[in-house]
2 protein chains.
Amino acid sequence: MHGAAAGSTGCRAQIIYNRMTAKKETIAQRIARLLAERIVSGTLEPGARLRQDHIAEEFAASHVPVREAFRLLEAQGLAVSEPRRGVRVAAFDLAQVREVAEMRAALEVLALRHAAPHLTPAILDEAEAATLAGDKARDARTWEAANSRFHKLILTPCGMPRLLAAIDDLHAASARFLFSAWHSEWETRTDRDHRTILAHLRRGEVDAAAEALGRHVRWIGRRPVETASGRRREAFVIQG
Amino acid sequence: MHGAAAGSTGCRAQIIYNRMTAKKETIAQRIARLLAERIVSGTLEPGARLRQDHIAEEFAASHVPVREAFRLLEAQGLAVSEPRRGVRVAAFDLAQVREVAEMRAALEVLALRHAAPHLTPAILDEAEAATLAGDKARDARTWEAANSRFHKLILTPCGMPRLLAAIDDLHAASARFLFSAWHSEWETRTDRDHRTILAHLRRGEVDAAAEALGRHVRWIGRRPVETASGRRREAFVIQG
DNA sequence: CTTTTCAAAATTATAGATAATTTCTATAAT
DNA sequence: ATTATAGAAATTATCTATAATTTTGAAAAG
């Protein structure tokens with residue numbers, strides 16, 4: 001849903017009301033967007049300090065727009081700020097991943113129910129193509145972009161901007177987890193889930209489609225993985 | 001849910017992570033909080049321009065914290081900003097009220113399902129007291145505060161901070177509408193709805209309670225009212 | 001009388017500078 | 001060895017000043 005690493009959005013409210021106007025982005029928005037990409041993709045690790053002077057220097061700006069960018073990132077839940085003690089990349093544990101998954105499920109189901117009457121065969125074909133692209137993806141970035149496209153395609157026709165913006169933010173939070181846990185060997189169940197949802201939609205079975213989407217988004221799996229140092233640990237998987 | 005007029009929160013992310021710490025609020029947070037009160041209560045009308053220099057002067061601050069306050073208000077959906085063209089109080093039409101109501105219903109139901117196992121008789125008694133206070137309220141402020149308290153009491157035990165913060169923001173948006181449409185003669189159905197929800201919760205009927213809450217929040221009524229100038233028009237009512 | 005154009009005023013956006021707070025580090029004490 | 005403390009360095013938060021953009025309003029042209 002969310003552009004995530006391949007072009008993360010920016011401020012939530014901006015998204016709600018300026019998504020289409022979007023004349024020129026301010027320096028603050030640009031900085032927020034680029035930092036969001038790094039946070040979502042894991043380049044900036046959870047807990048990492050974001051120092052306004054350093055960032056201002058890197059982007060050849062003063063720290064005023066940097067501070068505004070921090071507020072935008074806070075609103076997305078990607079950064080946390082303690083007064084007088086600076087801003088850090090938000091941490092996220094399994095409990096938060098669960099919380100985000102539940103919220104996404106609730107809101108995406110709502111969006112799908114309102115979008116369903118406006119879905120055309122053409123849109124569903126595009127969504128199928130996105131699923132196929134996800135199948136063939138061999139890296140997290142590509143997979144996440146395709147997954148994003150699928151969800152966006154079937155939900156956008158709901159025409160509820162605030163709802164879509166909220167879903168976007170939640171998707172960015174999910175994507176962070178995806179990037180941190182991605183393993184190219186994983187055979188996800190995502191393709192099958194996506195196709196089930198599409199099949200129901202094609203047959204006009206909105207309730208069944210909504211239920212499948214809810215289960216799909218809520219699903220969090222776990223499987224053992226081998227770390228770089230050869231140790232075994234448990235990792236968690238999401239279907240996107 | 002949201003403090004609304006009686007002490008609106010501030011930044012969403014701040015709420016998520018700093019709600020309990022909340023050592024000292026920064027000037028930006030203070031400005032955002034006070035402006036949010038005015039927007040929610042209707043003192044600042046939809047579409048009104050928020051001029052940073054004027055606001056800075058009023059609060060005896062420079063415009064740097066004012067600009068940050070604007071970003072916080074944007075994140076809550078209470079203000080909209082167009083780059084280089086200033087910030088305005090967000091407008092809201094019936095479609096948006098509907099959208100917010102649907103989102104609230106989806107998220108509050110989710111919160112209630114997770115809160116239900118942790119609800120104690122003491123909490124439910126408090127919630128009943130809040131309902132009673134709402135019944136006796138004769139002005140919008142008091143009524144909204146009591147309604148807020150009811151929802152907060154039964155939802156907070158879910159222990160999902162991001163979810164609760166999102167609900168808070170939506171509640172502020174609802175409250176704006178409530179304040180704009182309040183009429184002291186309205187006999188709302190709220191007390192009955194609240195008591196139905198409580199009755200179900202006392203009997204451990206979580207599904208029924210969740211369904212009642214969803215209907216309650218989603219409900220938007222309309223009734224003719226007489227304006228100050230004596231003209232008749234249609235007004236919309238929410239149950240809170 | 002309406003529309004267009006251009007300059008002045010108002011306002012936003014950014015930069016540079018200052019003050020206040022926190023964090024770090026070395027040193028001393030228990 | 002661990003804890004406590006004081007000073008220094010780094011960082012945040014704010015203010016003042018400057019640049020850039022948009023809006024306003026009046027005058028001129030059609």
Side-chain angles (χ1 to χ4, degrees), chain A residues 10-11 13-15 17-18 20-35 38-39 44-75 78-91, chain B residues 10-11 13-14 17-18 21-35 38-39 44-75 78-91:
Chain A
C11 164
Q14 283 297 335
I15 296 168
Y17 299 99
N18 286 0
M20 30 232 47
T21 46
K23 309 168 184 230
K24 265 183 295 189
E25 69 178 355
T26 74
I27 295 181
Q29 288 168 341
R30 186 175 137 261
I31 294 173
R33 180 170 50 81
L34 295 170
L35 288 179
R38 293 186 199 170
I39 294 172
L44 281 169
E45 290 187 11
R49 291 189 67 170
L50 299 175
R51 276 173 270 234
Q52 58 182 21
D53 280 357
H54 295 197
I55 293 169
E57 194 184 11
E58 178 187 344
F59 291 102
S62 86
H63 54 235
V64 178
V66 172
R67 289 180 62 79
E68 290 186 39
F70 286 167
R71 299 292 92 81
L72 301 183
L73 292 171
E74 272 193 277
L78 294 178
V80 292
S81 136
E82 290 180 90
R84 291 258 164 218
R85 299 195 51 185
V87 177
R88 293 174 172 278
V89 176
Chain B
C11 164
Q14 282 297 337
Y17 299 98
N18 285 358
T21 45
K23 309 164 185 232
K24 262 184 297 188
E25 71 179 352
T26 158
I27 293 181
Q29 287 168 341
R30 186 174 137 262
I31 294 173
R33 180 170 51 79
L34 295 170
L35 289 179
R38 293 184 198 172
I39 294 172
L44 282 168
E45 290 187 11
R49 292 188 66 170
L50 299 174
R51 277 174 269 236
Q52 58 183 19
D53 280 355
H54 295 195
I55 293 169
E57 194 185 11
E58 178 186 345
F59 291 102
S62 84
H63 58 235
V64 179
V66 173
R67 290 181 62 76
E68 291 186 40
F70 286 167
R71 299 290 94 82
L72 302 182
L73 292 172
E74 271 193 278
L78 294 179
V80 293
S81 132
E82 290 180 271
R84 293 258 164 218
R85 299 195 52 186
V87 178
R88 293 175 170 277
V89 176

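Labels below follow one simple rule: chain letters A, B, ... track the order of the sequence lines, proteins then strands, and each chain is numbered from 1. The model shown is predicted, which means the values in this text are computed figures rather than measured ones.
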A.B. asks: Please list, chain by chain and in numerical order, all residues satisfying side chain to side chain donor-acceptor pair (under 3.5 Å) with Arg38(A), sequence neighbours excluded.
C.D. replies: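 For Arg38(A) the side chain to side chain donor-acceptor pair (under 3.5 Å) partners, ignoring immediate neighbours, are Glu58(A).
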
A.B. asks: What integer distance in Å separates Arg88(A):CZ from dT12(D):P?
C.D. replies: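 Nearest whole value for this atom pair: 10 Å.
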
A.B. asks: Could you tell me whether a side-chain N or O of Arg88(B) sits under 3.5 Å from a main-chain N or O of Gly47(B), the two making a donor and an acceptor?
C.D. replies: yes

A.B. asks: Give the B/S/- string for nucleotides 7-16 of chain C, one per nucleotide from 5' to 3', where a protein heavy atom under 4.0 Å of the base yields B, of only the sugar-phosphate yields S, and otherwise -.
C.D. replies: ----SBBBBB

A.B. asks: Minimum heavy-atom separation for Val80(A) and Ala90(A), please, with both atom names.
C.D. replies: CG1-CB, 4.1 Å

A.B. asks: Quick one: does any side-chain atom of Glu57(B) pair with a main-chain N or O of His54(B) as donor and acceptor, under 3.5 Å?
C.D. replies: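 Such a contact is absent between Glu57(B) side chain and His54(B) backbone.
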
A.B. asks: Looking only at non-hydrogen atoms, find the nearest pair between Leu50(B) and Phe70(B) and report the distance.
C.D. replies: O-CZ, 3.6 Å

A.B. asks: Compare every heavy atom of Pro65(B) with every heavy atom of Ala28(B), then report the nearest pair and how far apart it is.
C.D. replies: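 In terms of heavy atoms, the two residues are closest at CB-O, 3.4 Å.
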
A.B. asks: Hey, are the side chains of Leu73(B) and Val87(B) touching, using non-hydrogen atoms and a 4.5 Å cut-off?
C.D. replies: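 They are not in side-chain contact.
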
A.B. asks: As a check on the pairing definition, encode DNA chain C in dot-bracket form, counting Watson-Crick and G-U wobble pairs whose two distances are under 3.5 Å, and using | for partners outside this strand.
C.D. replies: ||||||||||||||||||||||||||||||

A.B. asks: Between dA13(D) atom C1' and Ile55(A) atom CD1, what is the distance in whole Å?
C.D. replies: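 Taking atom C1' of dA13(D) as the reference, CD1 of Ile55(A) is at 16 Å.
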
A.B. asks: Search all heavy atoms of Arg71(A) against all heavy atoms of Leu72(B) and return the closest pair with its distance.
C.D. replies: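 Nearest heavy atoms, Arg71(A) then Leu72(B): CD-CD2, 3.6 Å.
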
